Amino acid sequence: MKEVIKIGMADLKASVSPNVLTTLGLGSCLGIILYDPVKKVGGMAHIMLPDINSVRVRRNKAKFANSAIKEMIAKMRKLGARKSNLEGKIVGGAHMFTGVKISNPSAFNVGERNILNARQALTDEKIKVVSEDVGGDYGRSIEFDLETGKVKIRTIAWGIKEI
Amino acid sequence: MADGRKLTQIHLDALKELGNIGAGNAATALSQIVEQTVDISVPEVSIIPLQQIPEVVGPERYVFIVYSGVLGDISGTMLFLITEESASELISVLNRESNQEMDLSSDVARSALTEVGNILCGSYLNALTQMLGILLVPSVPDLANDMAGAILDFILIEIGEVADDVVFIKTELSVAGTKLDGHMFFLPNPGALDTILKSMGLLA
């Protein structure tokens, strides 16, 4: 039986084929997707911030790009994935409010920082980013099919696409 | 709570009462503009993990959100969120004397929605200022429309750097007897809540 597993904000999960991992309404947040196409084991994280080392409150590892990737790899290994098989995809990292960059410099480009840090953290783990759909000024929902490895992206303004 | 302290029911009741007074002020201000009865109530005050906020309306729901930072003696964020259908209704109430259709994506409609959000947030903060004797000023508002989760995450990211939980003061809105699916949220930054409770005499 195919099960659809929901990942909330600042949350991460791993599972196996034929299940589907999904997360809704990514704005500046980033969806990080890892997949072992041989073992058909996948993981998805909905991260909010680029770097766990730059904040005080560190309880939730799923909140940050670098710590979420490490955590996800560990979970996927327990399900039988091999690290050397892993491929990465990233989705999201938009810039939602145009005016906020003036009044609120700390939120400036957090989407972009999430993208850059996730790419770097994946490179550090020697995981190749095989495709991505990032940036822009619109929200995205994603559905990751662990049987095929395909990621379906839904938006209000631009419809559906697959990576 | 963010500062490691647990809030009691008394604290939550006090925050709800503050919310009611703020909402009453906001309702009066808005009813003067639309020349219709406006009711705003506060059905709920709670402390929730910040990742649950998008679930309040559904993360994929198409919404309009007016965002305003709160500056002054405390800092935080105020939001006015309204679903697409209710935003259309609100615009048609505002536009009823004109015989031209107003499209939600037009600059005029967007500016009107922003102004409504600004009035609601501003009068809410005014009430808090008067009640608590602390200065609260809204920053220039901004409007975004997209999936609720996508807009909210941008706002919550900033809070996420310092906290895992937020105080969520939910408000409900009706104009001329029609219930609109619109809500106001006041999200005080960590530490701001202590200042509020202290000025109400509920914290030593």
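Source: prediction; values computed, not measured.
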Novice: Please look at B:A144 and chain A and tell me whether the side chain, the backbone, both or neither of the residue comes under 4.5 angstrom of a heavy atom of that chain.
Specialist: both
Novice: Determine whether a donor-acceptor pair (N or O, by modelled atom type, separation under 3.5 Å) exists between the side chain of B:D146 and the backbone of A:G139.
Specialist: yes
Novice: Looking at A:K61, I want to see if its NZ is surrounded by more than 12 non-hydrogen atoms of other residues, nucleotides or ligands under 6.0 Å.
Specialist: no
Novice: Does atom NZ (B:K179) have a neighbourhood of more than 12 heavy atoms from anything else shown, all under 6.0 Å?
Specialist: no
Novice: Around B:D107, counting heavy atoms of other residues, nucleotides and ligands shown, do more than 12 lie under 6.0 Å from its CG?
Specialist: no
Novice: Just to be sure I understand the criterion: a residue of residues 26-35 of chain B counts if one of its heavy atoms is under 4.5 Å from a heavy atom of chain A. Which ones qualify?
Specialist: none
Novice: To the nearest 0.5 Å, what is the distance between CG (B:D153) and CE (A:M9)?
Specialist: 4.5 Å
Novice: Consider side-chain contact (heavy atoms from CB on, under 4.5 Å). Of A:T23, A:L26, A:L24, which one does B:P59 pass it with?
Specialist: A:L24
Novice: Can you see which heavy atom on B:I157 is nearest to which on A:S28, and at what distance?
Specialist: CD1-CB, 3.6 Å
Novice: Taking every non-hydrogen pair under 4.5 Å, which of B:G58, B:A148, B:A150 racks up the most with chain A?
Specialist: B:A150
Novice: Should the pair A:R140-B:E60 be classified as a salt bridge under the 4.0 Å nitrogen-to-oxygen rule?
Specialist: no
